[in-house]
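Computed from a predicted structure; not experimentally measured. Chain identifiers are assigned alphabetically (A, B, ...) following the order of the sequence lines, protein sequences preceding nucleic acid strands; residue numbering begins at 1 within each chain.
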Protein chains: 2
Amino acid sequence: MIRVFIIDDHPMVIEGIKSLLAQSSVAEICGSAQDGSTALEALKSIEPEVALVDINLPDLNGIDLCGMLKKQFPKIKVLGLSTFKERSYITRMISAGASGYLLKNASREELEDAITAAWRGQLYMSLEAAAILTKPAPDTPELPMLTAREKEILLLIAEGLTNQEIAEKLFISPLTVDSHRKNLLAKFGVKNTAAMVRFAIEFKLIEY
Amino acid sequence: MIRVFIIDDHPMVIEGIKSLLAQSSVAEICGSAQDGSTALEALKSIEPEVALVDINLPDLNGIDLCGMLKKQFPKIKVLGLSTFKERSYITRMISAGASGYLLKNASREELEDAITAAWRGQLYMSLEAAAILTKPAPDTPELPMLTAREKEILLLIAEGLTNQEIAEKLFISPLTVDSHRKNLLAKFGVKNTAAMVRFAIEFKLIEY
DNA sequence: TTTTTTCTACCGGAAAAAGGGGATTTTGCA
DNA sequence: TGCAAAATCCCCTTTTTCCGGTAGAAAAAA
């Protein structure tokens with residue numbers, strides 16, 4: 001039996017997966033959490049083989065959580081879980097170290113397949129997710145890899161703060177903020193903040 | 001026992017609700033469907049007292065389905081079900097005849113409360129949904145009325161063009177563009193372009 | 001017809017951002 | 001331990017935006 005841990009803020013979904021796997025002979029639920037931080041805490045004692053991670057969590061997003069999970073618990077295979085079949089979600093989840101991407105409309109079979117595949121070390125893609133990854137010509141400009149600090153500053157920029165104000169908030173020099181800003185512009189390949197904010201929202205790097 | 005029918009395209013959610021209500025003494029699941037048309041078909045024979053309707057369905061959206069349900073089966077009380085707590089969703093669902101709005105992160109108690117309230121003919125709102133509905137003024141910081149020209153310029157600003165470039169594109173003076181920019185900032189009540197772009201996207205004044 | 005709004009245009013000055021460098025310390029990871 | 005990446009700080013120059021006004025012509029509303 002493959003031990004599975006669920007991280008999703010919706011009790012309904014947690015209960016749903018539990019129920020779907022109740023009579024399963026391949027997987028069993030060993031625990032669940034409704035947000036990232038309690039999940040990270042719980043996983044110290046519970047040691048599942050597979051973790052189902054929702055993309056949308058209250059405290060931190062599933063992609064970041066996936067990265068943290070893989071870092072702290074490299075043995076755990078992570079499966080992305082979401083309602084949305086957006087390309088960027090899937091690719092970012094995979095590049096964060098996930099072993100697959102599962103839509104919430106998955107059937108019991110798909111769920112079991114995904115878990116076993118992940119457990120074996122394979123990469124699982126639901127049919128729909130695979131279709132998205134293989135079909136459309138990716139004319140999408142590569143979304144920049146941002147550091148944690150850059151994300152932080154990008155968020156404050158999008159909120160309308162100036163370098164000076166950001167510097168005060170983060171207790172660093174305005175010059176440093178400006179450096180980050182310049183790096184951000186370079187990474188995004190744009191020439192001013194307005195375009196960058198739009199881009200960042202488009203690629204869901206920042207909330208709004 | 002209140003008979004409940006679930007319409008949601010996610011088996012996980014259906015199973016979740018079933019599981020949550022398995023030991024319930026107030027409600028029981030009498031059936032489920034994964035899309036609107038099969039639901040309408042199934043409801044001809046099954047006659048539930050309450051229907052849980054997801055906002056996002058593959059064939060038609062939950063709001064339209066709610067309207068059709070209330071028309072064909074006026075006795076059935078409809079409860080909207082969604083991950084999203086967007087104001088428009090809630091209000092549109094209610095005006096379509098729903099007896100309440102339930103978020104998918106609802107607990108067993110909330111679920112039971114919602115079902116019983118709906119069954120009694122009351123209007124149920126989850127705490128979060130109610131919070132959104134009751135504070136309209138602060139929630140909607142009057143989205144600015146923009147003139148056609150202003151929208152045009154806002155769009156170009158969001159694309160990263162400078163006043164100079166916009167002026168060339170529209171065959172007007174850069175000073176004029178700057179005037180519009182200033183008016184836009186004033187209307188949005190923000191102090192720089194970055195914040196304005198974010199606002200504009202938030203209020204769907206510009207696409208991205 | 002008067003009034004208001006919108007679009008247009010301008011000025012001077014301050015503030016911030018953008019462009020293009022360089023340099024040092026932390027920190028994570030091999 | 002030692003490298004590479006990230007974060008930090010600094011310089012200078014130019015460009016652009018922001019702020020505070022003013023103001024005329026045209027179009028729309030009263």
Visitor: Between Asp178(B) (side chain only) and Arg181(B) (backbone N and O only), is there a donor and an acceptor less than 3.5 Å apart?
Guide: no
Visitor: In whole angstroms, how far is the C1' atom of dT6(C) from the CG atom of Asn183(B)?
Guide: 9 Å
Visitor: Between Met1(A) and Ala27(A), which heavy-atom pair has the shortest distance, and what is it?
Guide: CE-O, 3.6 Å
Visitor: Would you classify Thr162(A) as touching base, sugar-phosphate or nothing, given that sugar-phosphate means primed atoms plus P, OP1 and OP2, and contacts are heavy atoms under 4.0 Å?
Guide: sugar-phosphate
Visitor: Please give, in whole Å, the distance from dC7(C) C1' to Leu146(B) CG?
Guide: 14 Å
Visitor: Counting C-beta onward and ignoring hydrogens, is there a side-chain heavy-atom pair between Val13(A) and His10(B) closer than 4.5 Å?
Guide: no
Visitor: Over how many whole Å does the gap from Ile172(B) atom CD1 to dA26(D) atom C1' extend?
Guide: 15 Å
Visitor: Does Ser173(B) or Asn163(A) map to a spot on DNA chain C nearer the 5' end, using the closest nucleotide for each?
Guide: Ser173(B)
Visitor: Using side-chain heavy atoms (C-beta onward) and a distance below 4.5 Å, is Glu112(A) in contact with Glu109(A)?
Guide: no
Visitor: Do the side-chain N and O atoms of Asn105(B) and Asp9(A) include a donor-acceptor pair separated by under 3.5 angstrom?
Guide: no
Visitor: Of the options dC9(D), dC7(C), dA16(C), whose atoms approach the side-chain atoms of Arg149(B) most closely?
Guide: dC7(C)
Visitor: Report each atom pair, protein N/O against N/O of nucleotides 18-21 of chain C, whose distance is under 3.5 angstrom.
Guide:
residue: dA18(C); atom: OP1; partner: Thr193(A); partner atom: N; Å: 2.9
residue: dA18(C); atom: OP1; partner: Thr193(A); partner atom: OG1; Å: 2.9
residue: dA18(C); atom: OP2; partner: Arg181(A); partner atom: NE; Å: 3.1
residue: dA18(C); atom: OP2; partner: Thr193(A); partner atom: OG1; Å: 3.4
residue: dG20(C); atom: O6; partner: Lys182(A); partner atom: NZ; Å: 2.4

Visitor: Rounded to whole Å, please give me the gap between CG in Leu184(B) and P in dT6(C).
Guide: 12 Å
Visitor: How close or far is atom P of dA7(D) from atom NZ of Lys187(A), stated in whole angstroms?
Guide: 8 Å
Visitor: Would you kindly give the NE2-to-P distance between His180(B) and dC19(D), to the nearest whole Å?
Guide: 18 Å
Visitor: With a 6.0 Å cut-off (strictly less than), is the heavy-atom count around CD of Glu165(B), excluding the residue itself, greater than 12?
Guide: yes
Visitor: Please work out if Thr176(B) contacts a base, only the sugar-phosphate, or nothing of the nucleic acid, heavy-atom cut-off 4.0 Å.
Guide: base
Visitor: Report the residue (Leu175(B) or Glu150(B)) whose heavy-atom-nearest nucleotide on DNA chain C is the more 5′ of the two.
Guide: Glu150(B)
Visitor: Give a yes or no on whether a salt bridge exists between Arg108(A) and Glu15(B), defined as a side-chain N under 4.0 angstrom from a carboxylate O.
Guide: no
Visitor: Distance check needed: dT15(D) C1' versus Glu165(B) CD, whole Å only.
Guide: 12 Å
Visitor: Can you tell me the distance, in whole Å, between the NZ atom of Lys169(A) and the C1' atom of dT8(D)?
Guide: 20 Å
